[in-house]
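A short worksheet on the structure shown next.
From a predicted model like this one, the values you see are computed outputs, not experimental measurements.
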Amino acid sequence: MRNPLYLIQSYSEVLKEEFQGFANKNQQLLLEKIFNSSNFMKNLLDDLLDITKIESGKYDLNKKMENLNTLVENQVEFHQLIARKKNIEVRLNLGVIPLMNCDKNAIIQIIANLVGNAIKFSPPNTPIQISTVKEGKTVRFSVKDEGPGISPEEQKLLFGEFQILSSKPTGGEKSTGLGLAIVKKLVALHGGKVGVTSESGKGSTFFFILPINE
């Protein structure tokens, strides 16, 4: 399934670029829809494959000592372009924390999902605060936004699979409904936990906590 999706995505992107200025508005819109839909399908397929690997016990962690703050900074830089489009300021408050024994790719996926969601559901012209802190024998990473918030009833559903809640992305972005489920499973593989504190109309703070391996 991946191969034809990648072909559709790649060819539609090429057509978009080559027909810039030549195609009329309707044709350009159709090409944009093909590209966006194929990109969404690719992301959904990737998420499904990740869920399947984790649940079947075939997701092998490649743990090494990593600087969590560096991984956070890299992901913030990666997401800056999307944040700027919505005039969202990403504020960093990174504490002094030890190196973490973790799977780099899995942690990047966790951070990317939480940071991406914060940008996706935040109104334009609002800040997002990202922090790391050492708490006893654990390290906490958190992302605080000023979005619509989440009711207690929906908080219970947040980390399940295919959960599309009442809060909608503020820039027309799409969601597979699998991102937070993957985050929870990857954090659990590291012996940590994930959670959220939120109140309707007052934003949300998503976090994960990992144990420090001395």
Side-chain angles (χ1 to χ4, degrees), residues 66-98 100 102 104 106-160 163-188 190-212:
E66 302 286 351
N67 187 322
L68 182 62
N69 283 346
T70 299
L71 299 182
V72 172
E73 288 172 336
N74 290 342
Q75 281 308 301
V76 168
E77 183 179 353
F78 180 78
H79 284 84
Q80 281 290 7
L81 181 60
I82 304 171
R84 288 194 194 103
K85 286 182 178 179
K86 299 172 78 171
N87 201 26
I88 289 172
E89 179 188 359
V90 182
R91 301 171 181 170
L92 282 176
N93 182 23
L94 305 182
V96 178
I97 59 175
M100 304 297 294
C102 60
K104 180 179 179 179
I107 297 299
I108 287 174
Q109 188 170 359
I110 293 167
I111 296 169
N113 192 288
L114 296 181
V115 173
N117 274 357
I119 296 171
K120 187 185 296 183
F121 289 94
S122 288
N125 307 306
T126 59
I128 291 171
Q129 299 180 48
I130 299 174
S131 63
T132 58
V133 63
K134 182 176 181 291
E135 297 178 339
K137 293 186 177 181
T138 66
V139 166
R140 174 188 288 259
F141 166 92
S142 60
V143 182
K144 184 179 186 301
D145 65 57
E146 295 185 7
I150 306 161
S151 68
E153 293 74 23
E154 290 198 328
Q155 287 181 36
K156 298 173 184 176
L157 306 173
L158 262 179
F159 295 96
Q163 296 295 336
I164 306 297
L165 308 183
S166 60
S167 298
K168 302 300 179 186
T170 55
E173 302 96 333
K174 291 186 178 182
S175 173
T176 64
L178 286 170
L180 290 177
I182 293 173
V183 165
K184 183 176 181 180
K185 293 177 187 295
L186 291 178
V187 170
H190 283 83
K193 65 178 182 178
V194 66
V196 63
T197 58
S198 183
E199 192 176 339
S200 294
K202 296 186 178 179
S204 305
T205 300
F206 283 84
F207 65 88
F208 67 82
I209 300 171
L210 297 179
I212 297 171

I would like to know whether Ile130 and Val76 meet side-chain contact (heavy atoms from CB on, under 4.5 Å); could you show each step before the answer?
CA-CA 9 Å; Ile130 299 174; Val76 168; 3.6 Å; yes
If we only count heavy atoms from C-beta on, is the [X] to [Y] side-chain gap below 4.5 Å?
{"X": "Leu180", "Y": "Asn117", "answer": "yes"}
{"X": "Val196", "Y": "Thr205", "answer": "no"}
{"X": "Lys134", "Y": "Pro98", "answer": "yes"}
{"X": "Leu186", "Y": "Gln109", "answer": "yes"}
{"X": "Glu73", "Y": "Leu94", "answer": "yes"}
{"X": "Ile97", "Y": "Leu68", "answer": "yes"}
{"X": "Phe141", "Y": "Val72", "answer": "yes"}
{"X": "His79", "Y": "Val90", "answer": "no"}

Distance, nearest 0.5 Å, that separates CG of Leu210 from CZ of Arg140
11.0 Å
First locate atom CZ of Arg91, then atom OG of Ser131, and finally report the distance between them rounded to the nearest 0.5 Å.
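Here the interatomic distance stands at 13.0 Å.
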Give a yes or no on whether the backbone of [Y] and the side-chain of [X] come within a donor-acceptor separation of less than 3.5 Å.
{"X": "Thr132", "Y": "Gly95", "result": "yes"}
{"X": "Asp145", "Y": "Ser204", "result": "yes"}
{"X": "Ser198", "Y": "Ile150", "result": "yes"}

Ser122/Ile128 under side-chain contact (heavy atoms from CB on, under 4.5 Å): CA gap, chis, key distance, verdict
CA-CA 8 Å; Ser122 288; Ile128 291 171; 3.8 Å; yes
Please step through side-chain contact (heavy atoms from CB on, under 4.5 Å) for the pair Gln75 and Leu71, ending with a clear verdict.
CA-CA 6 Å; Gln75 281 308 301; Leu71 299 182; 5.9 Å; no
Evaluate Gln129 against Asn93 for side-chain contact (heavy atoms from CB on, under 4.5 Å), listing each step before the verdict.
CA-CA 7 Å; Gln129 299 180 48; Asn93 182 23; over 6 Å; no
Nearest non-hydrogen partners of Lys86 and Lys120, listed with the distance:
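Heavy atoms only, the tightest pair is NZ-O, 3.1 Å.
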